Amino acid sequence: MEYNFAKIESRWQRYWEENKTFKTFDDYSKPKYYILDMFPYPSGAGLHVGHPEGYTATDIISRYKRMKGFNVLHPMGWDAFGLPAEQYAMQTGTHPAITTNKNCDNFRRQIKAIGLSYDWDREINTTDAHYFKWTQWIFKQLYNTWFDENQQKGRPISELTIPEEVQLQGLEAINEFIGEKRLAYYDNAQVWWCNSCKTVCANEEVLTDGSHEKCGNQVVRKNLKQWLLRIPHYADRLLQGLEGLDWPAGVIDMQKNWIGKSTGAEIDFQIEGLNKDLRVYTTRPDTLFGATYMVIAPEHELAGEITIPEKKEEVEKYIQAAALKSDLDRTDLAKVKTGVFTGRYAVNPVNKLPIPIWIADYVLLGYGTGAIMAVPAHDSRDFEFAKEFNIPIVCILDPKDVEEREEILAGNKCWTEDGEYINSASEETGLNINGLNKEQGITTTIEWLEAQNIGKATVNYRMRDWLFSRQRYWGEPFPVIHWEDGEVSLLDDEELPLLLPKLEKYTPGDSGESPLANAEEWLHVTDKNGRKGRRETNTMPQWAGSCWYYLRYIDPNNEERIFDPEKEQYWMPVDLYIGGAEHAVLHLLYSRFWHKVLFDLGIVSTNEPFQKLYNQGMILAFAYETSTGAKVSSDLVEDRDGKYYHTETGEELRQIVAKMSKSLKNVVNPDDVIERYGADALRLYEMFMGPLDERKPWAENGVKGVFNFLNRAYRFFADENNITEGEEDIEVAKLLHQTIRKVAYDIENLKFNTAVSALMVFNNLAIKKGKVTLDTARTFARILSPFAPHLGEELWHLCGKKNTLAYEQWPEVNVKLLQEDSHEYPVSFNGKLRFKIELPIDIPREEIEKAVLNDPKANKWMEGKTVRKFIFVPKKIINIVVG
RNA sequence: GCCCGGGUGGUGGAAUGGUAGACACGUUGGACUUAAAAUCCAAUGAUCAUUAUGAUCGUGGGGGUUCAAGUCCCCCCCCGGGUACCA
């Protein structure tokens with residue numbers, strides 16, 4: 001009766017594979033459930049125990065939903081483009097496809113060993129030409145779409161009306177006009193360049209200290225021709241779409257912050273002595289009366305013109321210094337603010353007072369208009385600057401009942417909250433907001449500005465255009481040709497996919513050109529008229545393939561179209577999407593953007609792709625450090641009597657929790673866990689560790705705990721001597737049905753840890769009782785199977801069933817068994833629990849009171865006291881207030 | 001700084017405002033064994049006292065609401081994640 005997990009697991013894995021047990025059919029008669037994992041990047045290191053956490057969770061739900069009668073789509077694939085395979089190619093000359101396929105094979109082997117119920121016939125790989133053909137096709141759709149502001153909707157470029165004055169200027173002007181509308185465009189853009197890796201880095205690969213995540217080298221800015229996507233056009237749609245989603249609030253907040261919508265006004269200030277206006281953006285037009293200076297960014301186009309000759313030298317010096325500073329230096333908040341006076345004044349439109357124009361690098365060119373009106377009394381940054389340069393601070397918002405009111409009114413303290421306006425009226429201009437509050441002040445001022453025709457309400461977003469090209473080899477080639485006459489054209493659909501050329505050398509050029517520039521034959525093209533052209537040498541970023549993979553799973557082998565619309569309508573949206581929180585913004589925002597464009601073009605049927613999102617927490621590991629905080633590699637740690645010692649120095653060490661890392665030698669490989677304890681134990685422990693969304697440390701002893709449970713369950717249920725005929729013991733029957741209900745509830749609410757615990761509790765009782773009926777054994781096999789599918793199938797089989805239990809019905813709860821006729825009430829006096837008493841459920845309150853107060857145990861607590869209150873909560877507690 | 005999470009036994013963690021510590025690890029004692037492993041049984045928040053039993057304290061700290069607070073409200077401390085002069 002030994003639990004031979006290796007034998008059991010390989011047998012059922014073979015069975016599932018041979019019988020294609022988990023092949024999904026497009027059976028429209030059944031309700032569907034689409035449950036998706038974030039597909040992995042198949043790294044050379046293989047799986048670590050963090051991967052199977054989310055995969056097990058989705059697998060449990062998939063198996064459960066199948067038993068509940070759903071048609072479940074549960075696929076897996078590979079996000080396989082990426083830099084590591086390319087760097088390996090640079091070092092060894094091995095084609096990235098070879099490395100990638102090897103890694104995919106290893107990942108697939110590891111994942112299959114966990115017993116996950118994927119439909120492997122739907123496996124996709126972003127580097128497969130059959131797949132990226134459609135990534136290129138989507139790029140074409142983006143290129144050929146413009147965003148109609150009025151309809152708030154993307155529309156085909158063919159539906160764009162060209163203004164007459166543009167048409168009159170000829171073809172070039174028309175193309176330029178269209179180009180400015182396309183969602184994908186080609187332009188100069190600043191990118192991060194790593195001189196050591198000779199490659200461009202994505203923003204997210206640059207650490208906050210300005211170094212390259214991969215090699216630690218400081219990255220530099222480079223100006224290169226790039227593809228960009230106009231995602232800000234969809235800002236409002238992306239914001240609104242968040243409303244109906246069942247997503248973690250934190251992720252929604254992060255996306256909102258990233259989009260960064262702000263409402264305010266643009267205001268034109270007259271510049272003294274120049275026939276020009278300076279336009280600023282502000283969220284606080286109501287504070288115009290407190291504006292005592294203005295600031296423009298050093299890169300502002302008017303910087304030169306505004307500066308008076310006497311100040312020229314000083315200003316130029318400042319601008320140059322600012323240009324040399326890294327972004328990091330410029331945005332370091334701790335640093336003292338710097339700036340320089342241009343010598344020129346603007347006119348404050350509300351009171352006609354002259355205010356000085358400064359240049360300072362705390363104002364960024366890329367946001368708003370690159371110029372601000374500064375209100376030091378009511379903006380902390382402006383306040384700091386004004387203090388530094390002795391610029392007047394005029395308080396115009398009375399904070400009323402605030403402690404520091406006097407200080408604020410005197411301009412010695414900054415006040416950014418609401419209040420009542422003072423000093424905010426001008427007879428000359430007719431604007432008066434004195435006595436109003438912030439909200440009224442803003443509306444009134446904007447109305448006034450619009451009436452004067454010097455400003456208007458404006459919305460700004462923090463989100464920028466998405467830099468969509470990388471100077472790399474191992475990515476999707478753009479289906480683009482740049483012709484010698486300057487025309488840019490896209491390949492016809494029939495010419496897709498555009499494959500990557502074979503290369504001798506994968507090293508990029510020093511100038512920042514992709515390795516593809518070396519592929520002479522591939523690179524140069526000639527059209528039928530003899531016109532010469534050059535293919536785009538940039539490739540798409542890794543996001544491209546992951547932006548839409550969930551759509552391809554629906555119809556992965558369709559050669560004719562991206563997918564069959566009927567299938568798409570059936571399967572979409574994804575009902576549940578589980579993955580790491582590190583994708584809270586970028587991947588999920590980019591995907592949503594593409595999805596909305598495809599929706600506008602009528603290609604997909606849902607407005608949002610992922611209905612419910614859940615993040616699994618990171619799996620950490622125990623690590624050890626000395627009293628000075630130095631980390632000690634795990635292979636140098638000895639455990640004696642619950643304390644930890646350094647094997648070489650003998651020093652006592654402290655146990656801490658840290659990320660798994662090679663240097664700490666605390667990385668756990670699922671292969672090892674499976675070999676020692678089996679896949680079911682791995683799965684069970686991943687779930688038993690704690691709540692799915694929390695970070696938690698891996699502990700080998702915990703695996704032993706669940707392994708123990710599987711052992712006990714097998715030894716008990718696989719032994720026919722323990723299986724009886726006839727009626728089930730009432731206690732066992734009651735607990736069984738409680739367990740069915742608890743496990744189902746917990747699965748649906750993603751509380752897998754407590755579900756496992758409930759199964760353990762039932763198993764403990766069954767073993768204690770020593771006997772269960774065959775029905776009970778069969779029920780247990782079914783409710784265990786989503787968690788430990790191999791053992792589930794084995795027990796099902798031993799219970800005399802021939803076929804897989806994957807599609808068996810989830811057991812019905814017998815509600816009658818769950819009804820109790822009495823309850824053991826805890827009795828408290830003044831909130832302190834004193835004793836317990838068993839009472840029938842259905843007797844009136846008076847009798848309960850009588851029974852409790854007359855109980856001999858109650859005397860002790862009531863002696864010399866009177867009962868002031870008797871609290872009775874049915875099926876919960878009794879609390880008696882005495883005094 | 002701002003925005004999210006989180007802080008419960010020796011450990012991982014349970015707990016619709018209603019019996020704090022389910023379940024598991026570890027530890028201790030016992031059974032089995034020549035012995036060990038495995039397995040099984042029992043105990044296990046702390047403190048005090050003890051004949052079973054009992055009492056007091058206890059969910060980061062301080063206040064509050066309530067018959068009743070780990071849970072709700074206010075203030076503070078610590079840890080993790082995100083973000084960073086976005087006007």
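Just so you know, these numbers come straight off a predicted model, no measurement behind them.
- Counting non-hydrogen atoms under 4.0 angstrom, A:K832 reaches the backbone sugars and phosphates but no base.
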Please set out all donor-acceptor pairs under 3.5 angstrom arising from side-chain atoms of residues 873-883 of chain A, sequence neighbours excluded.
unit_1: A:N879; atom_1: OD1; unit_2: A:G831; atom_2: N; d: 3.1

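- Spacing between B:rA38 and B:rU44 at atom P, rounded to whole Å, works out to 23 Å.
- Between the CG atom of A:D286 and the C1' atom of B:rA87 there is a distance of 13 Å, given to the nearest Å.
- Base orientation at B:rG58 is anti, since its O4'-C1' glycosidic dihedral falls outside 90° of 0.
- Heavy atoms of A:S262 sit under 4.0 angstrom from primed sugar atoms or phosphate atoms, though from no base atom.
- Put simply, the side chain of A:E820 reaches to within 4.5 Å of the side chain of A:K734, judged on heavy atoms.
- Legend: residues meeting ring-ring contact (aromatic ring centres under 6.0 Å, His included) with A:H300, ordered by chain and number and at least two apart, are absent.
- Taking the P atoms as reference points, B:rA55 lies 26 Å from B:rA42, given to the whole Å.
- Taking the P atom of each, B:rG13 and B:rG18 are spaced 22 Å apart, rounded to whole Å.
- Spacing of C1' atoms, B:rG81 relative to B:rU28, comes out at 41 Å, to the nearest Å.
- Across B:rA20 and B:rA15, the matching P atoms stand 16 Å from one another, rounded to whole Å.
- Using a 4.0 Å heavy-atom cutoff across all strands shown, A:N764 reaches sugar-phosphate atoms only and no base atom.
- The separation of B:rC72 from B:rC67, taken at their C1' atoms, amounts to 16 Å, rounded to a whole angstrom.
- Atom CD of A:E824 has more than 12 neighbouring heavy atoms from other residues, nucleotides or ligands inside a 6.0 Å radius.
- Residue contacts for A:R464: at a heavy-atom cut-off of 4.0 Å it reaches a base atom on one of the strands shown.
- With sequence neighbours excluded, the residues forming a salt bridge (Lys or Arg N to Asp or Glu O under 4.0 Å) with A:K456 are A:E266, listed by chain and number.
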**Study point:** Per-nucleotide pairing state of RNA chain B [Watson-Crick or G-U, under 3.5 Å; [ ] pseudoknot-crossing; | other strand]
**Key:** (((((((..(((.....[....)))((((((.......))))))((((.....))))..(((((..]....))))))))))))....

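- Distance, A:L710 CG to B:rA24 C1': 13 Å, rounded to whole Å.
- Using a 4.0 Å cut-off between charged nitrogen and carboxylate oxygen, A:E388 and A:K337 do not count as a salt-bridge pair.
- Across the protein-nucleic acid pair, A:Q255 atom CD and B:rC4 atom P stand 16 Å apart, rounded to whole Å.
- Applying the salt bridge (Lys or Arg N to Asp or Glu O under 4.0 Å) test to A:K836 and every residue at least two apart in sequence or in another chain returns nothing.
- Ring-plane geometry between A:F752 and A:F787 is classed as perpendicular, the angle between the planes exceeding 60 degrees on a 0 to 90 degree scale with a lower cut at 30.
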Check your understanding: Could you run down nucleotides 72-82 of chain B 5' to 3' and tag each one B, S or - for protein heavy-atom contact under 4.0 Å?
Key -> --------S-S

Output a table of nitrogen or oxygen pairs between the protein and nucleotides 17-21 of chain B separated by less than 3.5 Å.
unit_1: B:rU19; atom_1: O2; unit_2: A:K836; atom_2: NZ; d: 2.7

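- As rounded to the nearest Å, B:rA31 and B:rA24 have C1' atoms that lie 23 Å from one another.
- The aromatic rings of A:Y362 and A:F385 sit tilted, their planes meeting at an angle between 30° and 60°.
- To the nearest 0.5 Å, atoms CZ (A:R279) and CG (A:L302) are separated by 11.5 Å.
- Counting heavy atoms from C-beta outward, A:F762 and A:I783 have side chains that stay 4.5 Å or more apart.
- Ring planes of A:H587 and A:H583: perpendicular class, angle over 60° (limits at 30 and 60°).
- Across the protein-nucleic acid pair, A:W698 atom CH2 and B:rG12 atom P stand 16 Å apart, rounded to whole Å.
- Within 6.0 Å of NZ in A:K659 there are 12 or fewer heavy atoms belonging to other residues, nucleotides or ligands.
- Nucleic acid contact class of A:W247 (heavy atoms, under 4.0 Å, all strands): none.
- Comparing B:rG60 with B:rU51, their P atoms sit 36 Å apart, to the nearest whole Å.
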Shorter than 3.5 Å, N or O on both sides, protein versus nucleotides 37-44 of chain B: list them out with atom names.
unit_1: B:rU39; atom_1: OP1; unit_2: A:N708; atom_2: OD1; d: 3.2
unit_1: B:rU39; atom_1: O3'; unit_2: A:R715; atom_2: NH2; d: 3.4
unit_1: B:rC40; atom_1: OP1; unit_2: A:R712; atom_2: NH1; d: 2.7

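- Atom pair A:E694:CD and B:rG12:P shows a separation of 12 Å (rounding to whole Å applied).
- Between A:Y293 and A:W358, the ring planes are perpendicular. Angles over 60° get that label, and only those under 30° would be called parallel.
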Protein-nucleotides 48-51 of chain B N/O pairs under 3.5 Å:
none

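- Contact annotation: the side chain of A:F622 approaches that of A:V657 to within less than 4.5 Å [non-hydrogen atoms, C-beta and beyond].
- Side-chain proximity of A:S757 to the nucleotides B:rA22, B:rG13, B:rA87 is greatest for B:rA22.
- For the side-chain contact (heavy atoms from CB on, under 4.5 Å) test, residues two or more places apart in sequence or in another chain that qualify with A:E731 are A:D729, A:L765, A:K769.
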Show the atom names and distances, to 0.1 Å, of all donor-acceptor pairs under 3.5 Å that link a side chain in residues 692-707 of chain A to residues at least two apart or in another chain.
unit_1: A:D693; atom_1: OD2; unit_2: A:Y614; atom_2: OH; d: 3.4
unit_1: A:K696; atom_1: NZ; unit_2: A:E53; atom_2: OE2; d: 2.5
unit_1: A:K696; atom_1: NZ; unit_2: A:P691; atom_2: O; d: 2.9
unit_1: A:K696; atom_1: NZ; unit_2: A:L692; atom_2: O; d: 3.2
unit_1: A:K696; atom_1: NZ; unit_2: A:E694; atom_2: O; d: 2.6
unit_1: A:E700; atom_1: OE2; unit_2: A:R676; atom_2: NH1; d: 3.1
unit_1: A:E700; atom_1: OE2; unit_2: A:Y677; atom_2: OH; d: 2.6
unit_1: A:N701; atom_1: OD1; unit_2: A:K704; atom_2: NZ; d: 3.2

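- Annotation for A:I446 and A:G264: closest pair CD1-O, 4.1 Å, computed over non-hydrogen atoms.
- Contact detail for A:A713 and A:L791: the closest heavy-atom pair is CB-CD2, 4.5 Å.
- The nearest heavy atom of RNA chain B to A:V881 and to A:K704 marks one nucleotide each, and the one closer to the 5' end goes with A:K704.
- Residues A:F269 and A:A346 approach most closely at CB-CB, 4.2 Å, considering heavy atoms.
- Note: A:Y825 and A:F872 meet the aromatic proximity criterion, with ring centroids under 6.0 Å apart.
- A straight line from NZ of A:K857 to P of B:rA52 spans 19 Å, rounded to a whole angstrom.
- The residue A:P691 sits close only to the backbone: its heavy atoms come under 4.0 Å of sugar-phosphate atoms, none of a base.
- The CZ-P distance, from A:R462 to B:rC85, rounds to 8 Å in whole Å.
- For the segment residues 738-754 of chain A, the set of residues with a heavy atom within less than 4.0 Å of an atom of RNA chain B comprises A:K751, A:N753, A:T754, in numerical order.
- Checking A:A758 against A:W861, the closest nucleotide of RNA chain B that is more toward the 5' end is the one next to A:A758.
- The nearest whole Å value for the distance from the NZ atom in A:K337 to the C1' atom in B:rA87 is 11 Å.
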